[in-house]
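To start, the structure itself, in structure tokens.
Please read these numbers as outputs of a predicted model, since none were measured by experiment. Residue numbers begin at 1 in each chain, while the letters A, B, ... track the order of the sequences.
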Amino acid sequence: MLADTPFVLTDVCSQMRLIAAANLAALKLGLMPGLSLAEARARVPKLAVGDYDAQGDADCLNRLADGCERFTPFVALDGLHGIVLDITGCAHLFGGEVALRDALVRLMARWGFDVHATIASKPGTARALCEAGLGRIVPAGEEESAVARLPVSALKLNASIITGLMRAGLTHIGALATQPRKALVARFGAQFADALDDVLGRRAKPIAPRRAVPDCLAERRFMEPLTHTAPLPDMLQRLAADLESVLERAGEGARVWEASFFRTDGQVRRIAVTTSRPVRDPKLVTRLLSQKLDRLSDPLDPGFGFDVIRLEAYGRTPVTAVLVSFDGDEQTQADISALIDQLSARFGAHAVQSFVSAQTHWPEAQSHLMPAQQAKDLTPLTTNKLPYEPPTRPLRLFERPERIEVMAQVPDGHPLRFRWRRALHDVTRAEGPERIAPEWWKHEAASLTRDYFRIEDRDGHRFWVFRDGVQLRETRAPSWFMHGLFA
Amino acid sequence: MTEGRLAALRQTIAAIELEGVRRPQPLSFGLSLLDERLGGGLASGALHEIYAAKPSDVATATGFVAALAVRSRPGPILWVRQSFSAQEGGGLYGPGLADLGLDPARVICIDLSRPADLLRAAHDGLTCAVLSAVVVEPWGQAKVFDLTALRKLALTARSSGVPAFCLRLAAEPAPSPALTRWVVRAVPSKGDSRLGPGAMSFEARLVLNRRGQSDVWLLEWESDGCVFRHLSSLPQSALSASVDAAPARLSAARRHVG
């Protein structure tokens with residue numbers, strides 16, 4: 001049985017194989033993490049050895065943290081083996097702190113993990129007690145008495161400070177609590193005093209949650225886990241309706257909607273949709289989420305069932321109710337936004353684009369496409385074209401100008417004949433040059449000055465070509481390129 | 001009198017077909033010859049196909065579609081294109097659209113790699129009645145654009161009243177339920193040659209017209225007024241389907257461009 005055999009995981013550290021983790025049987029035999037493998041094998045010949053997978057451990061911890069999110073959205077990782085949950089305001093949903101702690105421990109046991117769980121009003125206190133192996137609930141205000149019996153090594157400081165403290169006779173945290181802070185700072189440094197204050201609960205270092213905390217959320221917990229995906233849209237609509245009443249009271253809408261599906265085995269799957277304007281209509285949100293669910297390349301698998309389904313809203317912004325106006329402009333705008341949202345949800349936000357202009361005369365940068373949901377306040381495009389003149393810019397532009405062979409008068413003449421994509425063209429009309437110099441303060445690669453020509457060939461096709469580089473001043477043998485096609 | 005009775009019969013049939021469905025204004029060309037042939041103009045809630053005569057006419061066909069979109073009612077335009085089309089023939093350029101008279105802020109571009117997705121996006125767009133036009137731009141023959149798929153598009157367009165333009169580049173005309181089919185070819189522009197290339201000039205050949213006869217016209221697009229004009233000054237030989245291009249001599253070319 002593996003539980004009885006001493007089993008260690010080893011990792012290479014500075015060209016030596018050291019024990020990274022050991023099971024209970026190995027620990028009892030004195031094989032601690034940090035011991036070299038050679039030494040361990042010498043002590044225990046029949047040692048089972050495996051490789052330490054740091055990434056696997058981290059992934060596992062992340063999955064467990066995901067699973068813990070069913071208790072509170074405020075979850076953070078603590079070191080390599082710990083998870084911190086901020087359950088302020090959540091405990092009553094589970095019937096009190098005791099019940100919450102029991103539920104968490106039971107859940108972890110079901111997933112195959114033995115945990116210590118400690119609840120306290122300050123994170124430092126809870127962490128110190130938890131790492132010492134004391135899983136309990138500390139009432140508010142009793143942090144100091146709770147940690148008084150812990151040894152000073154629980155403060156996680158370097159060995160020299162610990163030795164110093166031992167020599168001074170301060171072996172337990174309780175003894176340190178009564179010392180004046182100034183003396184401790186003078187003797188051991190401010191970092192030590194801060195660490196002590198954390199553990200004693202005199203100050204609370206803020207926890208950064210793994211994921212952004214939503215502005216508001218609604219969830220449903222199931223006594224019997226949901227094993228089919230068919231009732232999901234209906235469930236999402238109910239959750240969206242709950243959130244709608246919350247948002248409506250505040251007169252706000254949200255732009256990012258995320259649905260989380262918590263499985264009984266701890267796995268969490270999340271689907272998010274973004275809208276271009278803040279919305280709160282449950283039907284719209286449900287439709288967008290359902291479309292996304294249908295289009296998942298890896299369909300939602302309930303496994304043994306979904307325990308909890310949660311809908312989170314991010315990016316709350318005030319939204320004015322859409323009043324029916326006689327000119328219908330507001331409604332049109334809303335319809336277009338809804339279409340953009342629907343297409344973005346179906347094909348991806350990057351596929352749906354609108355034109356954005358920039359204040360530059362370099363052709364490639366002057367106008368480009370940006371995801372429509374992000375493009376706001378489009379500056380109107382000003383055209384250089386004079387009235388009653390033909391277009392100065394091509395309708396179709398090649399992303400990469402294509403090399404062409406040109407016969408032209410040197411040094412500054414327009415093309416007379418050119419070869420492009422294996423076809424020879426005779427130029428019948430030409431206009432130019434339009435000299436466009438690169439913005440030297442922007443372009444790192446030495447772009448050359450371009451002389452653009454609008455040319456038309458015998459068949460009536462109109463092209464936009466340029467000569468790259470001014471003859472003799474910038475380059476000896478300038479090349480010619482095809483950049484765009486006119487209609 | 002038969003003409004009158006025929007016209008009345010056509011109207012009755014049209015009324016039966018479009019019963020219970022919105023009937024928006026047709027897209028008029030502003031030229032009486034064209035509008036009469038089309039029965040008032042390009043019908044709004046229908047599918048129209050525009051083919052580029054040769055791969056080199058890609059930009060001209062695109063320009064024709066852009067011009068039609070401008071002449072449609074004001075509103076946003078959905079342009080669904082296949083990514084390969086941008087690689088082969090260049091992508092839509094904002095200032096170029098502006099120079100043709102189409103405000104690029106009106107255009108919502110969808111860039112997709114699979115032709116099947118193009119059809120679905122076009123469907124979604126055609127259900128939104130506030131759009132002024134939906135343009136679908138696949139590249140090549142695109143087997144998914146078969147009779148059934150195009151018929152579905154036509155029906156969706158009819159129920160919402162949004163015109164659907166199918167811009168077919170590098171493809172041969174195939175049977176389809178389109179109301180009209182055009183083949184567009186570039187022609188030399190007119191105007192003072194010393195000023196360089198002129199406005200967009202092209203030959204628009206109406207090869208399929210369910211409301212009348214086929215015909216061919218030489219047109220020019222004036223971007224300032226957003227109007228089509230007849231290119232009447234061009235000699236008749238320019239109407240030929242195959243242009244027999246004799247290589248110009250260098251001196252003649254130099255003389256022409258000045």
Sorted by number, residues from residues 119-128 of chain B in contact with chain A (heavy atoms, under 4.5 Å): B/Arg120, B/Ala121, B/Asp124, B/Gly125, B/Cys128
About how many Å separate [atom2] of [Y] and [atom1] of [X], when rounded to the nearest 0.5 Å?
| X | Y | atom1 | atom2 | value |
| --- | --- | --- | --- | --- |
| A/Leu395 | B/Met200 | CG | CE | 8.0 Å |
| A/Phe347 | B/Leu112 | CZ | CG | 5.5 Å |
| A/Leu485 | B/Asp57 | CG | CG | 10.5 Å |

Part of residues 336-346 of chain A lying next to chain B, heavy-atom separation under 4.5 Å: A/Ile336, A/Leu339, A/Ile340, A/Gln342, A/Leu343, A/Arg346
Residue selection (most heavy-atom pairs with chain A, distance under 4.5 Å) from B/Gly90, B/Gly63, B/Ala86: B/Gly90
Looking only at heavy atoms, what is the nearest atom pair of [X] and [Y], with distance?
| X | Y | result |
| --- | --- | --- |
| B/Ala199 | A/Pro390 | N-CB, 3.8 Å |
| A/Gln353 | B/Asp111 | OE1-CB, 4.0 Å |
| A/Gln366 | B/Pro95 | OE1-CG, 4.0 Å |
| B/Ser189 | A/Glu456 | OG-OE1, 2.5 Å |
| A/Ala487 | B/Leu100 | CB-CD1, 4.3 Å |

Contact winner vs chain B - A/His483, A/Arg454, A/His461, A/Glu389, heavy-atom pairs under 4.5 Å: A/His461
Heavy-atom pairs under 4.5 Å with chain B, option from A/Arg462, A/Glu431, A/Glu399 with the top count: A/Arg462
Under 3.5 Å donor-acceptor, A/Arg396 side chain and B/Gly89 backbone: yes
A/Arg295 CZ: over 12 foreign heavy atoms closer than 6.0 Å: yes
Within-4.5 Å side-chain heavy-atom neighbours: A/Arg421 and B/Ser56: no
Region of B/Leu78 that comes under 4.5 Å of a non-hydrogen atom in chain A: side chain
Toward chain A, the part of B/Thr62 with a non-hydrogen atom under 4.5 Å: both
Candidate pair A/Phe355 and B/Leu92, rule side-chain contact (heavy atoms from CB on, under 4.5 Å), full reasoning: CA-CA 10 Å; A/Phe355 286 98; B/Leu92 281 182; 3.8 Å; yes
